[in-house]
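As structure tokens, the structure follows; a few thoughts come after it.
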Amino acid sequence: MEAKPGLIFDVQRFSLHDGPGIRTVVFFKGCPLRCRWCQNPEGLLPFPEIAFQAERCINARACVRACPCDAIVYPAEKDDGAPNTAKRIRRAACDRCGLCAAACPSGALRVVGRYYSVDELSAEVLRDQPFYRASGGGVTASGGEAMLQTKFLIAFFRRCKEHGIHTALETCGQVGWERLVGVLPYCDLVLFDVKAIDPARHRQLTGYENTLILDNLCRLVADGIQIIPRIPLIPTLTTTPQNLDDIALFLQSLGLTAVHLLPYHRLGEDKIHRLDSPLLPLSLPDLSLDEVSMIANRFRQAGLTPISLHGS
Amino acid sequence: MMTTFPYKDSAQALQFALGYFDRLQADADIRATWLKLRAIVQLKMRDPDIQAYVDTRSGTQMQVRAGVAAEPPNVVISLTADVFHQIYTGQLNVIMAFATGKIKTRGNTGLVMRTTWTLPAAIRIYREYLKEIGVKEEKGSKKIKIPTRQSTVSGERPMRLKERFLHGERQVCIERARYLTESYRQTEGQPAALRQARALRHILNHLTMNIAPDELLVGGLTGKSLAAAVYPECAGQRILGELPTLETRQDNPFHIGPEERRELEEMLLYWRGKTLEDYARSAWPPQVADYYDKIAPFILTEIGGIAHQLLNHEKVLQLGLEKIVAEARQRRGSAAGEQADFYEAVEEACIGVIEWAGRYAAEAGRQAQIEVDPQRRIELERIAKVCQRVPAMPARTLQEALQTVLFVHYAAQMESYVSAISPGRIDQFLHPYYAADLAAGRLDRRAARELLECFYLKLSESLPLFDSDATVAFSGLTSWANTVIGGTDANGLDATNDFSYLALEAMERMRTPQPNFGVRLHANTPPEFRNRVCQAVAGGIGNLQIFNDEAVIGAMIERNIPLAEARTYGIIGCVEPAVPGCSFTSSDAALFNMGLCLELALNNGCGRIVTEPIGPATGDPRSFASMDDVVEAYRRQVAYLVSLMIDGLEGLARVHAAHKPTPFVSAFTDDCLAQGKDVTAGGARYNFTGPQGVGTATVGDSLAAIDQLVFREKRVTMEELLRALDDDFEGQEPLRQLLINHAPKYGNDDDRADAWARLAAEIYCQEVGKYPTYRGGRYQPGLYSVTMHIVFGLLVGATPDGRHARTTLSQGVSPAHGRDQHGPTAALRSASKLNQRLVGNGLALNQRINPKGLAGPQGAGILDGLLGGYLALGGMQLQWEIVDRATLLAAQERPEEYRDLVVRVAGYSALFTDLSRAVQDEMINRMEHEI
């Protein structure tokens, strides 16, 4: 039985930070949480969106001609002829048909999110199979939250396993256990986000308490599947000594050792402006190398093996 | 116990120091080195305290003053008086002193480093000075030990030699031209082979001997240590008009003295009407000559001399030239006419080379007698012994073997041309000598590596002298001396050995522009070797390329080379495979502008920059009904221009055979002696001629754009497209953006584009492959561009891939700039879809990766994974540039600080600062993959 098509917003080849070896990361669209630092704001909503990237706009006005809803806002050009960086879409009028993006010559307007059949998506990820083999890599389902499209994910992972491809699931954990259980037979590794231990704090940061998340983590551990917890290091939000110590203690009590640290960076915040996003940019300062290594040491002292990703 | 500084009083110490600096100034080398710094160097000495500075900002005066410079110095050096004393008495190594913090610097430390090569002389002067003023070096001080060969500290000598190589002044040496011309004046009317051989012998009998300090291996293409030779009989005339500006030109300036310039101008007059180009012009149909001048459709590289050969070093090493002379003599006995001349020429040329080695033996012996440093005396004596024996007789030791290779290499460059005389599989033919030395205890691994490092430097010393056009087309001041390591033997078994590792290690340490260094990999390459190679790349070694045995051997078999021989392939020049020792493949015969062919197909045979009919009238594109019509027009343009290029090359082949045979390389190239024929006449076992197609991605992307937007989606009419191309997209930016963003592009693993790139290249390859050569072989295509993609790009108008007029075409088989948006795996997959079996002359794929992500132990693993995947996909060749844009920009801005930055250009490596500005810009704009 063919699963319903999956909504995917990016397929990123040659990814090196989301599991072992050279990987293709498939980004599923739609997420239950609203983490304030979200790096992929285009992955939050479970339907295709129109994004506008002002730097690429060449004022060709093809969008104006193409839009059937009169949703394109086109303020007069500035006096110096510089590209107009105002938002281009009146979101209230837009029905997200995508005709503007199809017409836009420079790629400033773009539809984010595309429906894939399992056949299409697996054909796409199979392209790099020689590189997975040579590097011990594979496929990672990320997002958004891949678990929201459980049936599609199961069908997709099952297909990957049929081709002998290593599979990893990157999840926020905010999903019913019965759904997770269905994926596990086809999943070799779970990268599991741990953001805060205190439930109130967790709600503050992500919109939900973490009861379900931590419960799932405990059950996964009990199930014996390979897990690597990942901790986003967001200055002042998740990096308080209390929170870090709580996390370390919790992971240690579960008998986990490896842990990925994901230092905050602002790259994702640019993308907020391109969308009709509920998020606000945090504009926090980057963590210094010293700060990251101090945090890493804290985990090391708690008997864990931290690996810091994304360079700095 | 080290000795200490002789004075405790500051005033005395200062006087002593200033006296020493005066003596240093008197030494020409030292003075010249300091003058080149054009800087203020402030010296701060402690215990006793002395301040002094050297000011060479004028570039003509070297002022040494006591005290602190009034203006801010470029560099401040602080050290104690004792450390100063220990360095200049040779007790303390200066690099070690830096490393251990005994010398501290502030400012541009590179300036100081540039003077260290003069240290041996400075030490000698210091010690003479001490003696002169009656300061005794304390008794009980460590006598300078005479180390045995085995315990020489490797690292120091090669680094000193490298410093000299990097910072020495590039000069023109006219000696080759002078003695060639002298000889040619005397041999008018004699058979060409004999004239060539006699000229070579005459040159070798007169070329200035040059044994530089520290050298263990000797010889050279010129009589100067860092100079380019002149080839008046080839393209030498082209440099004539540029002689006055040679010294001041922006790219690759060369020094030439006024006397030498006058002499050269006079010599070049003798060659008027007698150059390869002159002879070729009279041999060509008029149209070929016309197109040759236009450059737009193709350039015929062979006009500069063929060179490009994997020499049969194995044979010379095993037999020695004397045996070869004897064989030629014996065969001459039963030969007549041209054959007899050929054998006589072979003898004469080989004898010339033996005599040359003999002159070096004598020179080394002479220098040994007057050498004061006992260690150096031993080295010179050894050099003398080595040169006495080889290349006349078989080599027995690694030093003899390397010296043989160098003599043969230089002589071949001297005879034919400097370009791409390639040593080949050094780990295979040198390993026996290395193993024998180890077994006999003559050498340890380190000493062997030091010799090899000296060898790399010696190869790097051969510089080409290009006119300003060629400087852009073949940028980087390289001689393309290619070596590969690894691979298989004739039975297909893995041939990686300890010497392969050693050769890699030496390259990692030296990072010299030569040899052009490659690694052969195959399914049974030991994983640790492959990983070692990846470590070297991840570590930033800037000059390494990878060849996939399976793909290369497949392409060679397609050209009817027997499997066993194909398995032993080496690489010539950039990326051109050949069977060593028995091939003559003229592998860089020409470069062909595929981008122009597309333009002609879309403009009824006319160019847009060269606005006149160039190709056949293939119809108004507005009348094209489908892609079939577009492709057919392109095919006809390619077919026509290829046929003209072949006419040009055939003419040149005849001219080479008639006027510039190369009896010396023919002496050991199989089966020339057996056939009694020069290589230029077809004496080699395997004969090919290799012209390269340039612009694979540009043409592929253009075809893909027409297919997608004109014929499939009908979003753009042919009329609109052509008008935009005519106007170089002036006022049509939306259309240009549409072509860029809404049509598939080669390099993204998108079959819709990759199939067109494959077809574009295939059409060229098939046309070239149709023709037999004058020398009795076949034409075989390559797909690489050296740096001609920039020059060809200047002559091609806007293209349907959104490329602006006069900008660069795509390079080799790499994706067009910035068009590969899906990461390195997608780009590798695209390249592996090309029909590589047709590309017998090799292809070049460049991929730049930001070094940031390669740090740490996992970096090599990532590259290993990329490489493993690419090999499994059947990709033929790959080179990574592991350098970030910021570094290249900095190097462009402050070349002096980046003098040693080696980069991959296009199937070869060069010092970044030797590249012309246009090529530097092109490299900076290449797609950079982040990890």
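Lettering follows sequence order; numbering is per chain, from 1. Values reported hereafter were calculated over all heavy atoms of this structure, with side chains retained and with hydrogens, waters and symmetry mates removed.
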Determine the option with the most heavy-atom pairs under 4.5 angstrom with chain A, choosing from [options].
options                        : answer
B:G861, B:G823, B:A826         : B:A826
B:T825, B:L738, B:L735, B:L828 : B:T825
B:G865, B:A872, B:G868         : B:G865

(request) Please round to the nearest 0.5 Å and tell me the distance separating atom OH of B:Y746 and atom CZ of B:R819. (result)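 Reported value, rounded in 0.5 Å steps: 14.5 Å.
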
(message) Between A:S135, A:P105, A:G136, who has the most heavy-atom pairs with chain B when the cutoff is under 4.5 Å?
(response)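 Heavy-atom pair counts peak at A:P105.
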
(request) Describe, in one word, how the ring planes of B:H804 and B:F729 are oriented to each other, choosing from parallel (under 30°), tilted (30 to 60°) and perpendicular (over 60°). (result)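 B:H804 vs B:F729 ring planes: perpendicular.
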
(message) If we ignore hydrogens and angles and just use 3.5 Å, is the side chain of A:D188 paired with the main-chain N or O of A:T167 as donor and acceptor?
(response)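 Confirmed, A:D188 side chain pairs with A:T167 backbone.
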
(request) Could you look at B:R736 and say if it's the side chain, the backbone, both or neither that has a heavy atom under 4.5 Å from chain A? (result)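 The answer is neither part of B:R736.
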
(message) Which atoms of B:L873 are under 4.5 Å from chain A, going by heavy atoms: the side chain, the backbone, both sets, or neither?
(response)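 Contact with chain A: side chain only.
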
(request) Against chain B, label A:R133 side chain, backbone, both or neither, depending on which of its atoms sit under 4.5 Å from a heavy atom there. (result)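 Neither part.
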
(request) Could you look at A:A102 and say if it's the side chain, the backbone, both or neither that has a heavy atom under 4.5 Å from chain B? (result)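 A:A102 touches chain B through backbone heavy atoms alone.
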
(message) Please tell me whether B:T799 and B:D801 have a donor and an acceptor in their side chains that are separated by less than 3.5 angstrom.
(response)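 B:D801 and B:T799 do have a side-chain donor-acceptor pair below 3.5 Å.
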
(message) Cation-pi check for A:Y116 against A:R114: NZ or CZ below 6.0 Å from the six-membered ring centre and within 45 degrees of the axis, yes or no?
(response)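 Yes, A:R114 and A:Y116 form such a contact.
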
(message) Looking at A:R230 and A:D18, is there a salt bridge between them, counting it only when a charged N and a carboxylate O are closer than 4.0 Å?
(response)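 A:R230 and A:D18: salt-bridged.
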
